[in-house]
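The chain is numbered in sequence order, starting from 1.
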Amino acid sequence: MPSVEPTIMSGAMPGDSFGSVLAFQRGGETFCCPLAEVLEIVEDPSLTHPGVTAPLVAGVLLHNGLFIPVADPACIAGEPPRREGDVILVDSGGAVAGLLADTVLGFRRPLSLSPATWIPPGRLCRTAVMLEEIGRAFLLGAEGLGDMPTVPRPDAAAVPVDSGPPLHLVYEIAGRSYATAYADVERILYRQPMVRIPGGRPPIRHAVEMSGGVVPVLELADAPDGAPSHFVVLSSPLGPLALRVDGIGRPLPMERDGADPGWFPSPGVAGIARHGDRAVSLVTGAALLRDLAGGEGA
């Protein structure tokens with residue numbers, strides 16, 4: 001899993017200090033944590049009672065040989081803790097903890113940050129943020145993890161720790177599901193208008209503005225000219241490529257299926273990625289460049 005997000009932003013923005021965040025909901029509120037601190041998402045694990053009363057700790061997760069304290073962010077608002085939901089494992093400076101989530105919303109980019117001075121000390125959160133397509137959320141991370149017990153992460157050189165398969169961004173185009181490893185994603189653009197490229201031909205008829213520059217748009221399905229759309233901007237050997245998508249789902253840990261045939265009828269597909277029994281087409285910028293733009297792929 002990547003430790004930092006490969007963003008390409010020309011100007012300083014409010015969220016540049018830690019890049020994108022992983023947004024999630026718990027107890028009717030929206031929270032987020034820096035993607036650079038996310039280790040893994042464990043889906044609906046079994047948590048044990050901590051045995052004693054501990055601040056903010058709802059339960060304990062046994063994972064990869066570690067007993068990891070898990071907090072319920074709903075406690076920030078004074079709600080009683082629950083031990084149901086997905087667990088987002090976060091690592092800040094070698095200290096590991098878990099955060100419970102009802103729904104993982106996916107990757108977002110903060111538009112602004114401000115101190116959350118109305119939240120009492122000792123409740124994980126110091127900062128409120130505005131997120132693309134979501135609105136207000138509470139930022140949980142390094143500055144607040146000191147409010148709860150954590151477990152030291154073993155020295156990777158001495159005791160290898162399996163942090164699980166890398167996170168992939170899952171999205172839909174024309175009713176089909178695709179995925180891209182997050183390390184290959186440069187940006188996610190929400191509801192951005194496209195502009196027509198004079199003389200452009202399918203699959204590159206439009207472009208989209210990103211950080212003061214213009215990025216060509218690759219389309220696997222037709223879209224009306226100028227219609228606001230979502231875009232997944234992928235890295236490629238020749239620079240960023242914006243893939244127009246219909247919807248963006250929750251990130252999932254996925255592994256490359258080694259049994260894939262090596263050829264695919266759909267353009268841009270470099271293989272098959274799997275999350276348990278679910279299989280989706282794995283898209284890369286290099287494969288899109290090869291199949292749709294006629295460029296050199298890697």
Side-chain angles (χ1 to χ4, degrees), residues 3-5 12-42 45 47-63 66-132 134-154:
S3 59
V4 295
E5 184 204 6
M13 295 293 290
D16 282 0
S17 60
F18 52 77
S20 288
V21 297
L22 181 67
F24 61 96
Q25 290 181 329
R26 182 68 172 177
E29 288 284 358
T30 301
F31 301 91
C32 62
C33 50
L35 182 61
E37 298 178 9
V38 175
L39 284 175
E40 187 178 349
I41 300 173
V42 184
L47 302 180
T48 60
H49 192 282
V52 296
T53 301
L56 302 173
V57 176
V60 176
L61 171 66
L62 175 59
H63 187 68
L66 298 178
F67 287 100
I68 302 174
V70 177
D72 186 346
C75 294
I76 293 175
E79 297 293 328
R82 295 182 289 117
R83 289 196 293 274
E84 300 86 20
D86 296 343
V87 173
I88 301 170
L89 297 182
V90 293
D91 179 353
S92 177
V96 182
L99 301 171
L100 278 160
D102 294 326
T103 305
V104 178
L105 301 176
F107 306 116
R108 295 295 191 275
R109 183 166 178 262
L111 301 175
S112 63
L113 299 89
S114 179
T117 54
W118 61 93
I119 296 180
R123 296 197 184 182
L124 289 177
C125 179
R126 309 282 192 274
T127 306
V129 302
M130 288 293 294
L131 300 180
E132 294 175 315
I134 291 178
R136 189 193 72 178
F138 296 108
L139 179 66
L140 311 180
E143 62 180 1
L145 284 183
D147 295 340
M148 64 172 290
T150 57
V151 59
R153 188 178 182 186

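You'll find the side chain of Cys32 stays beyond 4.5 Å of the side chain of Arg108, heavy atoms only. The side-chain heavy atoms of Leu47 and Leu100, taken from C-beta on, include a pair separated by under 4.5 Å. Residues Leu139 and Pro34 have side chains in contact (heavy-atom distance under 4.5 Å, counting atoms from C-beta outward). In this structure, Thr127 and Pro115 have side chains that are not in contact, with every pair of non-hydrogen atoms separated by 4.5 Å or more. Leu89 is listed as a side-chain neighbour of Leu61, based on a closest heavy-atom distance under 4.5 Å. Within the 4.5 Å cutoff, the side chain of Ile41 has heavy atoms near those of the Val104 side chain.
Listed by chain and residue number, Thr48, Pro50, Phe67 satisfy the side-chain contact (heavy atoms from CB on, under 4.5 Å) test with Val60 (two or more places apart in sequence, or in another chain). Residues forming a side-chain contact (heavy atoms from CB on, under 4.5 Å) with Thr103 (at least two apart in sequence, or on another chain): Gln25, Leu105. For Thr150, there are no side-chain hydrogen bond (donor to acceptor under 3.5 Å, both in side chains) partners two or more places apart in sequence or in a different chain. Applying the side-chain hydrogen bond (donor to acceptor under 3.5 Å, both in side chains) criterion to Arg126, with sequence neighbours excluded, gives Asp147.
Smallest separation of non-hydrogen atoms from Ile68 and Gly98: CG2-N, 3.9 Å. Residues Glu37 and Gly141 approach most closely at OE1-CA, 3.4 Å, considering heavy atoms. Listed here is the closest heavy atom pair of Ala23 and Ile134: CB-CD1, 3.9 Å. When all heavy atoms are compared, the tightest approach of Ser20 to Pro110 is CA-CD, 4.4 Å. The heavy-atom pair separating Cys125 from Ile119 by the smallest distance is SG-CD1, 3.6 Å. In this structure, Ala71 and Met148 approach most closely via the heavy-atom pair CB-SD, 3.5 Å.
Pairs of residues two or more places apart, or lying in two chains, that qualify as salt bridge (charged side-chain N to carboxylate O under 4.0 Å, His left out) and include a residue from residues 21-33 are Arg26-Asp72, Arg26-Asp102, Glu29-Arg136. Listed by first and then second residue, the ring pair (Phe, Tyr, Trp, His ring centres under 6.0 Å) pairs that reach into residues 94-127 are Phe107-Tyr182, sequence neighbours excluded.
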Please determine whether side chain to side chain contact (heavy atoms under 4.5 Å, CB included) holds for the pair Phe24 and Ile88, giving the CA-CA distance in whole Å, both sets of side-chain angles, and the decisive distance to 0.1 Å. CA-CA 9 Å; Phe24 61 96; Ile88 301 170; 3.4 Å; yes

Criterion side chain to side chain contact (heavy atoms under 4.5 Å, CB included) on Val21 and Val129, from CA distance to verdict: CA-CA 10 Å; Val21 297; Val129 302; 5.8 Å; no

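In summary, of the residues considered (Val70, Leu124, Leu99), a side chain to side chain contact (heavy atoms under 4.5 Å, CB included) with Leu56 occurs for Leu124 alone.
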